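Below is one structure, written out as structure tokens; the observations come after it.
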Amino acid sequence: MDVDQLVAIDVHTHVQLSVKDQEETEGEGFAAMAKYFKAGKVTRFTVPMLADYYRRRRMAAVVFTVDSVHLTGRDPHPANEEIAEQAAEHGDVLIPFASVDPHRGAEGVRLARRLITEYGVRGFKFHPTSQGFFPDDRMAYPLYEVLQEHGMVALFHTGQTGAGAGRPGGGGLRLKYSNPMAVDDVAADFPDLRIILAHPSFPWQDEALSVAMHKPGVHIDLSGWSPRYFPPQLVQYANTLLKDKVLFGSDFPMITPERWLEDFAKADFRDEVRPKILKGNAARLFGLTGA
């Protein structure tokens with residue numbers, strides 16, 4: 001990956017279609033999420049489609065699925081292995097993450113190790129609300145041990161979510177699991193684990209800022225929201241005390257990088273901070289050439 005030639009690194013994109021069968025597994029939930037994001041008609045992307053999309057924009061992207069087998073009873077589709085294999089074919093623009101539901105227990109720990117050692121994933125995505133667990137639940141600690149051992153990045157969804165939004169009972173999903181303070185124990189107990197708190201963490205933005213300020217390994221990505229709606233304290237800290245720990249993320253395909261970047265250009269970020277957010281901080285976090 002030639003980082004010098006990139007204009008940005010998007011640390012938060014979703015793969016929602018397999019190259020193998022085009023099966024759509026989210027159905028009503030996907031439509032409800034698109035409505036929540038006011039995204040109109042949303043195209044599902046395979047890994048090669050994502051690679052082409054970001055390559056044409058001179059951007060790189062972190063790509064992943066979400067494994068929520070405990071609540072859905074289904075394995076992620078497309079599978080982690082497919083995403084990793086396909087991303088390896090597009091290593092000039094894609095960084096593969098995996099997702100393992102902590103409820104998988106010992107089997108999940110073995111799976112995570114295999115995805116790291118055999119498939120070359122660079123990090124793991126956790127969605128506490130969709131997976132139904134608090135990040136500081138000791139159930140997940142053996143999984144974090146493997147991630148820390150191998151120098152992975154752990155990306156935790158925080159705050160409100162479009163998943164289940166607008167459906168009866170929120171689709172049975174509970175927001176309480178995604179309070180970023182539950183990640184504070186993880187950061188304390190695994191000090192060498194690099195962590196990203198995904199999204200402006202509404203309604204817990206101050207908690208997220210506090211954890212990122214206190215724990216050296218904790219970063220914040222700005223995905224899932226248009227910058228025009230960012231809480232003022234998030235912008236303030238991104239411009240100052242957290243300027244080296246805030247990352248560009250879109251939440252593609254629900255929010256496109258074009259939409260995000262257009263609003264970012266109008267937001268009150270300092271000129272010297274913008275390149276850090278768009279590329280520099282992520283390049284350093286992932287140890288990319290040219291960082």
Side-chain angles (χ1 to χ4, degrees), residues 7-13 33 35-39 59 62 125-129 135 153-166 170 175-187 194-252 254-285:
V7 299
I9 299 172
D10 187 340
V11 304
H12 201 116
T13 75
M33 187 177 295
K35 182 178 180 181
Y36 171 84
F37 279 101
K38 299 180 175 62
M59 297 181 189
V62 171
K125 166 65 184 286
F126 296 96
H127 198 303
T129 291
V153 176
L155 172 65
F156 288 89
H157 170 91
T158 64
Q160 189 165 313
T161 178
L175 299 178
K176 64 181 181 180
Y177 293 119
S178 290
N179 186 328
M181 284 305 298
V183 184
D184 186 61
D185 271 1
V186 181
R194 294 170 294 164
I195 293 171
I196 301 173
L197 302 176
H199 317 306
S201 303
F202 175 80
W204 302 293
Q205 182 64 87
D206 288 344
E207 285 87 338
L209 294 171
S210 177
V211 174
M213 279 288 298
H214 193 256
K215 301 298 189 296
V218 175
H219 302 70
I220 293 175
D221 88 30
L222 302 177
S223 66
W225 288 46
S226 161
R228 73 170 68 182
Y229 300 120
F230 287 169
Q233 68 270 40
L234 175 58
V235 176
Q236 175 188 350
Y237 276 80
N239 275 330
T240 55
L241 298 173
L242 293 178
K243 63 184 179 181
D244 296 319
K245 302 180 74 176
V246 175
L247 314 165
F248 162 49
S250 66
D251 221 356
F252 189 76
M254 292 301 171
I255 295 179
T256 66
E258 287 89 349
R259 173 187 170 189
W260 194 98
L261 290 169
E262 181 179 353
D263 289 343
F264 181 66
K266 301 172 185 175
D268 193 21
F269 289 93
R270 295 177 178 175
D271 290 341
E272 65 271 22
V273 171
R274 291 177 183 273
K276 292 175 176 284
I277 293 173
L278 291 177
K279 183 175 72 171
N281 293 342
R284 185 177 62 256
L285 177 63

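Note that the structure is predicted; figures quoted are calculated from it, not measured.
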Query raised in the report: Under the salt bridge (Lys or Arg N to Asp or Glu O under 4.0 Å) rule, what pairs show up with a residue in residues 222-246, not counting sequence neighbours?
Result: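 Sorted pair list: R228-D263, D244-K276.
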Report summary line: Residue pairs meeting ring-ring contact (aromatic ring centres under 6.0 Å, His included), one or both in residues 230-249, sequence neighbours left out, come to F248-W260
**Report entry** K215: salt bridge (Lys or Arg N to Asp or Glu O under 4.0 Å) partners, not counting sequence neighbours
**Finding:**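 K215: salt bridge (Lys or Arg N to Asp or Glu O under 4.0 Å) contacts with D184.
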**Report entry** Those residues that, when tested against R270, pass salt bridge (Lys or Arg N to Asp or Glu O under 4.0 Å) (two or more places apart)
**Finding:**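 Counting only residues at least two positions away or on another chain, R270 forms no salt bridge (Lys or Arg N to Asp or Glu O under 4.0 Å).
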Do [X] and [Y] have side chains that get closer than 4.5 Å, going by heavy atoms?
{"X": "T161", "Y": "H127", "result": "yes"}
{"X": "L234", "Y": "L209", "result": "yes"}
{"X": "D221", "Y": "H199", "result": "yes"}

Considering non-hydrogen atoms only, spot the tightest contact between [X] and [Y] and give its length.
{"X": "T158", "Y": "S201", "result": "OG1-OG, 2.6 Å"}
{"X": "W204", "Y": "L175", "result": "CH2-O, 3.4 Å"}
{"X": "A282", "Y": "L247", "result": "N-CD2, 3.5 Å"}
{"X": "V62", "Y": "V11", "result": "CB-O, 3.5 Å"}

Query raised in the report: With sequence neighbours left out, what residues match K176 under side chain to side chain contact (heavy atoms under 4.5 Å, CB included)?
Result: F134, R174
Requested in this report: Please list, chain by chain and in numerical order, all residues satisfying side chain to side chain contact (heavy atoms under 4.5 Å, CB included) with S178, sequence neighbours excluded.
Outcome: P128, T129, H157
Query raised in the report: To the nearest 0.5 Å, what is the distance between CD1 (I195) and CD1 (I220)?
Result: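 Answer for the CD1-CD1 pair, I195 versus I220, is 12.0 Å.
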